[in-house]
Each structure stands twice: as structure tokens, then as C-alpha cells.
Protein chains: 2
Amino acid sequence: MKKKTTIYDIAKRLNITAATVSRALNGNSKISEATRKLVSETAKEMNYEQNKLAQALKSGKSYNVGVIVPRIDSNFFASVIRGIEEELYPHGYHVIICQTHDQKTLETENINSLLNAQVDGVLMSISNAQNGNDDSFNALIKKNVPLIFFDRKKDIKGISSVTIDDFKGAYDATKHLIDQGYKRIAHLSNDRSILIFKNRYLGYKQAILDSGLEFDESLVIETHSKVLEGRKTMKKLLEMKHRPDAVFSSSDFTALGAIQEIKESGLRIPEDISVVGFSNEPFTRFMELSITSVDQSPIEMGKLAAQVFLEEVNNDKRVKSEKQVVLTPELIIRKSSLRTPITDKV
Amino acid sequence: MKKKTTIYDIAKRLNITAATVSRALNGNSKISEATRKLVSETAKEMNYEQNKLAQALKSGKSYNVGVIVPRIDSNFFASVIRGIEEELYPHGYHVIICQTHDQKTLETENINSLLNAQVDGVLMSISNAQNGNDDSFNALIKKNVPLIFFDRKKDIKGISSVTIDDFKGAYDATKHLIDQGYKRIAHLSNDRSILIFKNRYLGYKQAILDSGLEFDESLVIETHSKVLEGRKTMKKLLEMKHRPDAVFSSSDFTALGAIQEIKESGLRIPEDISVVGFSNEPFTRFMELSITSVDQSPIEMGKLAAQVFLEEVNNDKRVKSEKQVVLTPELIIRKSSLRTPITDKV
DNA sequence: AATTTTTATGTAATCGATTGCAGATTTTAT
DNA sequence: ATAAAATCTGCAATCGATTACATAAAAATT
């Protein structure tokens, strides 16, 4: 491996000091235009490249940020990450992506690894199954490493977050079903200790109450965001004495499972039962029977989270303020819930 | 931010030198059992954590590796990355993920950024649209930064790779279609300057030639791995005077598009036309009409790529050997290509 | 012309951990 | 008891870049 040229090499060549080279290269202090030019030309000539590690050690900044998500193979998270990258790259930051696979232990491990890797901040969406133990978050907070939640947040004093208005998303989706004439609307929920799922549940409930329909708690089932879980849960619902005629799912994946189960049972969608999902995953659009879903503008969410991070990291750490950004979701109506057939825009 | 404790702090407390502390902590040289114990206890007590940046500077290793993929929101790449992570984490490495979105410029930028971030190696799947310009790869090679290709590789002397036998995957898939009695099998190809697509094409062609069927080049169309592209291309095929009765697609996404187009045209799958994809993306299994596809064991691929990296990075750089690992693909037969209906295992 | 101000550069410490060499201490051998 | 060997620990340089402070040189001021 050819040795890299350092500022000392440049200094020696020009018979000046490394300090001067450093200053010239950073354009900072008062360096004569002549030497500045000379240095930068020589630097280019010698193929100089700044050693980020040395700089990181000196400045205490690694220019790495950690991003922790439950998983990356969902379009939603992949898109949020993309948004984060787009916003952070121009500022010289790199993104280290970690997956929790919804396991608290992995989440904790990830945080420790990132801390260990000297990241300048952590942007994350918490995993399910929070056991009330906030030790790992506290580790971040204690070290004063900026922490920003996106989508799946935890209410911690002083911690900023970027989320969507899940209540409204759920409310709109449910309202849409009611407007279509459905009367017995079930809800495939998820771990409601996670705020987003709690809010989706509350939005759903409120829409039903507001419409004058009867709210039936037995139509709410908690499950996991997996296709097969959706099937299983739907099966239970179909076996009820008085089965639902519509389903609002807090996840597109469970919605998909529900649809499979419904079709298998011989019922028609949306004539007999209607289904609405959440997240607007690409497959909801591509299915032959396209699925109505709630869009969460993930790229935007990522960008905003990144912006909040940049603000915090560049803050003169006088006042530490907490920022809560809330995006507005958009209901995308497709075949799976539309009784009056219209030309479906794919 | 509370200042972190360093080995100097520990040294001061114990009235010894930082050197001793360092050695004691690293368990390495000859340090008396007594001090070793004392040091590690004090370290724990003082909440000592090694500063990775300093270590990185000293050792010249960052313990970061870059992973470059066209995109992360496909199950295939996400899974490869997961395999890489699983293999690398236990060795203290972190993974920096970059996406090229199949743009050569982004690919080059990513490589430079990673180089700049002092990564210890780069594992990558090249983007489409290679313009024959290998400058960015050469930059890596010149700096002696280990480079390992997975899946989409480029033949460069001395560079290791982990791929699957795309020829065989395509051959098996096509053979399966022939065995099912299809006679006019089209192929949705992709940029054939990329080896995997070239090999899939060749496997397809060979299977047809071996079977004695006529090989018709007009049934091969080059497109992009996107659902909508699949639709467009399928449309063209269906408009042919003598339309195909089966399609082997080099991508699950184009296969999906093709299926949509076929259904819209009123033809039945697999009775009238059959479709086979490539990659075994989860949706191929979840579709109501499940799609036959070729599994590439992505997690395994990721692990192997990581292992090759570890070997190279730990190599005493005497002999630089090139390693070509080739995995065997597996054809997963589902409804979209099975004329004799059987119970489909979902 | 002498003094002050400005400008440009050098000196040396610093970030935190590692390591070759040397010196000190203990153990073993003669 | 003395020399030789083995064991442990300290000294100081090193990785590469940054920066407060000092100083030299040039420009401006009186």
C-alpha cells in the first residue's frame, strides 16, 4: 500500500510547516494568497487527501451518524434512509445503518456499537417490544449524543422527533370506509405500547364514534406486521359469529395477509369485505387488486429528521430544545376499498 | 458532555503509565496478573471505553467497511447486507451502506466517499450502465483497499467475488418451462454488459438449444428491473404476430409487470402464458398468483462475501490471491408456471 | 526614523492509543 | 554470592491534523 501523502510531506516539499499547510488547505486564518495557492497546487499534485481519522480524533467528530430501524427491506424504512442520506451527504456525513429486527436486545447492541464507533448522532425508529427499560437511550443522552426519533418514537423529555399524524391517517382511512357504507369495521392493530400503533388505534376508534356507529372492542386485534400474521388474524375475524365487513390494518403487510385469507374464504373484495392498509408500500399499488393505504411521505420524513439532527449538532449547546415535527399523511384510495368502480390510476 | 475517561486517567489513578494500562487492557504483552486485574477493574469502575478513533488513527484501520448496492429496498440486497452484517459484526466491523440507484456517477461518488471515510474494504454489486470506465475501481485497487464483488461483478484481475451460477439458474428455469410444454419462450433481459444478465441470457439460450426448440432472438428483449418496464415490454411481446407462450424474466419486478399486462390482456396464467422470475423476492410468494422464481440465497451470499473480505484483510499481503465463489441457485416452482395444478406451498 | 499595527508563519501541545527500546526488578543458574 | 536470564514497567515516539500562542517580517502611523 503506497503511503498516503500527509500535510507533513507537503510541508517538507515546500519548506514550510505542517501548520501552514493545514491552514492554507482549510482556507481559514490569514495565509497569504501566494502560499495558499502554492500549497493547494502542491497538494493536488501530490494526490493529497485529508485523513479523516486524524481529523476525527482531533475534532472529536466522526462525521458518521447511526440510523437504526427495525428492518431495511421495507420500502418505508428504505425510503426514510434515502431521505436521510440525501440530506446528510452534502454535509460530509456518512450513515451507518443498523437493523433491530424488532428485538430489544439487538437494539441495545446496535446503540452500543454505534456509540463505540463514535457516531455524532443517532436517528432511529424504535423496535417493538420495548420493555420499559430506557437504559440504552439514556446511555446516548448521558453522552450528549444527539438522538432523533422518526416514525416510531418514544416520549422522552428533550428528545426531538419526526413523525406523521397517525391519528389522522387512521381517522381518514376509517372515515373513508364508513363513507363507503361499511358498518362493521375491524382493526388489525399492533403493539400499542408503540405510539404510532396506539394513535392509529385511537384514530380508528374516534372515526367510528364520530360516525355514530357502534364501537366494538372485539373487532380490534393486536398482531405483528407480517403477512402470515395478517392471515392468521383475519382467519379469526372471519370465524366470528358476526364477521366484519371491512378491515383497517395498521400495516400493509398484515393487510396483504388479510386479503389472501379473505379470497381463500371465497368472499369478494371490496364487495363483501374491504381492506385498507397503512404505509403505502409499493406492492399495494402493484397488486392486481390494488390496496388502499396511507402514505407517510418517507423520504420527506428522512430529510426532516436529518435536518433536525444537523440543527442539534451545530447548536452551540446553550439551550437544548426539543423539536416535534409532525407530517400529514395522505390516504391513497385503491380498489380494495372502493365499491363504486372507477378507473384505477396505477 | 462529560469527558470520557482515557487510559491516561486510569494510569494517573493507579500511578502507572498509560503504556501499561494499554497493554494490560489488550491482554497482550507480559503484564503481571496483578496489575492486569487491577487495571481492568479500575477501567470498569471508571467507565472506561476505548476511543475507536484514536485506535483507528494509530492502526490505520477504521473497522468500517463500505457496502455499495444499486438499492436497499429490494429484499435481495437487503438480505445480502444482513448476511454481511451478521458475519462482520462479531469481528468488530461496521457497515456503511451506500446506494447507487444504478447510476454510474453515484457509484463513483460513493466509492470516493468511502475511501475518504477510510473504510477498510468495499463490498459491492456494480450498477448498471458501466461505461467501461474503471477509474473508480482502480482508485480502490491502487490504494490496496480490499474490494469484493457480490452478485453483479466485473471481471477484474485479482479481485475476488461471490456470485451465483446465473447460467444454471436461467437454464433450470427455462428447462422447467420447456418441460411444462411451453414452446415459444421469451426472455426479459437486462443490460447484458453486466455479467449476471449476460449469463442468464446464455443459460436461457442454451436450454432452448439443448431441447431442440427453435431459438428466436426476437423473443429476447432488454429492459430494466422495474415493474412498469416489465409491463411495457410485455405489451410489445403480446403484440407480436406470433406471441410467446411463456416468459423467463431476469428479474422478479419485470416478471410482475409482465403478469399484470398479461392479465389485463385477458390471457390466463399459466394456462395461456407462463411466467418465471428471478431472485425469489418475497412478493413472488405472497401474490395470489404466486410466481415461480430462482432463489439466490442472499444471506449466504452476504456471509461468504464478508468471509472473503476478512481473509483478504487479515492476509499478510504476501500473495494476493483472487477467489471466485459461486453459489448454486435453486428454482422455486409456483403457480405462475405450473400447468398441472398442485397444492401450492406458500 | 522610530514605533505601532498588521500580516504571515513557525513552535509546540493536543486528541487517545500503541509499541520498540531500555531500564528495573525478580528469578534462576552457576 | 554473582552472573545470566526472565519478567515487568516506563520512556518517548508515532499515527495526521488542528490551533493557541509566539515571533518575525512587512506595512502603516506619527
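Below, each value reflects all heavy atoms present in this structure, side chains not excepted, and no hydrogens, waters or symmetry copies.
Not one side-chain nitrogen or oxygen of B:Ser32 sits closer than 4.0 Å to the OP1 or OP2 atom of D:dT7. When the side-chain nitrogen and oxygen atoms of A:Ser22 are compared with OP1 and OP2 of D:dA17, none of them lie within a distance under 4.0 Å.
Atom C1' of nucleotide C:dA17 and atom CZ of B:Arg23 are separated by 12 Å, given to the nearest angstrom. Atom CG in B:Asn26 sits roughly 15 Å away from atom C1' in D:dT9 (whole-Å rounding). As rounded to whole Å, 16 Å separates atom P of C:dT25 from atom CD1 of B:Ile31.
We find the CE-CD distance between A:Met301 and A:Gln296 to be 5.5 Å, quoted to the nearest 0.5 Å.
Counting all heavy atoms, side chain and backbone alike, A:Ser62 lies closest to A:Gln118 at OG-O, 2.6 Å. When all heavy atoms of A:Arg36 and A:Ala24 are compared, the pair lying nearest together is NH1-O, 3.7 Å. In terms of heavy-atom proximity, B:Asp102 sits nearest to B:Asn128 at OD1-N, 2.7 Å. Residue B:Ser125 comes nearest to B:Arg152 through the heavy atom pair OG-N, 3.2 Å, listed as atom of the first residue, atom of the second, then distance. Nearest approach of A:Phe150 to A:Ile68, heavy atoms of both residues: CZ-O, 4.3 Å.
Relative orientation of the A:His94 and A:Tyr89 rings is tilted, given thresholds of 30° and 60° on the angle between their planes.
Residues meeting the side chain to side chain donor-acceptor pair (under 3.5 Å) test with B:Gln324, sequence neighbours left out: B:Lys153, B:Ser161, B:Glu322. Taking the ring pair (Phe, Tyr, Trp, His ring centres under 6.0 Å) definition, one finds that B:Tyr93 meets it with B:Tyr63, B:Phe309, sequence neighbours left out.
The stretch residues 6-20 of chain B touches DNA chain C through B:Thr6, B:Ile7, B:Tyr8, B:Ala19, each having a heavy atom within less than 4.0 Å of the strand. Contacts between residues 39-61 of chain B and DNA chain C, counted as heavy-atom distances below 4.0 Å, involve B:Tyr48, B:Glu49, B:Gln50, B:Asn51, B:Ala54, B:Gln55, B:Lys58.
With respect to B:Glu107 and B:Lys104, a salt bridge is recorded, a charged nitrogen being found less than 4.0 Å from a carboxylate O.
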Residues 75-86 of chain B side chain polar contacts: donor-acceptor under 3.5 Å, at least two apart:
from: B:Asn75; atom 1: OD1; to: B:Ser79; atom 2: OG; distance (Å): 3.2
from: B:Asn75; atom 1: ND2; to: A:Asp73; atom 2: OD2; distance (Å): 3.1
from: B:Ser79; atom 1: OG; to: B:Asn75; atom 2: O; distance (Å): 2.7
from: B:Arg82; atom 1: NE; to: A:His101; atom 2: NE2; distance (Å): 3.2
from: B:Arg82; atom 1: NE; to: B:Glu86; atom 2: OE2; distance (Å): 3.3

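From one end of the helix from C:dA1-D:dT30 to C:dT30-D:dA1 to the other, with five pairs defining each end axis, the axis direction shifts by 50° (rounded to 10°).
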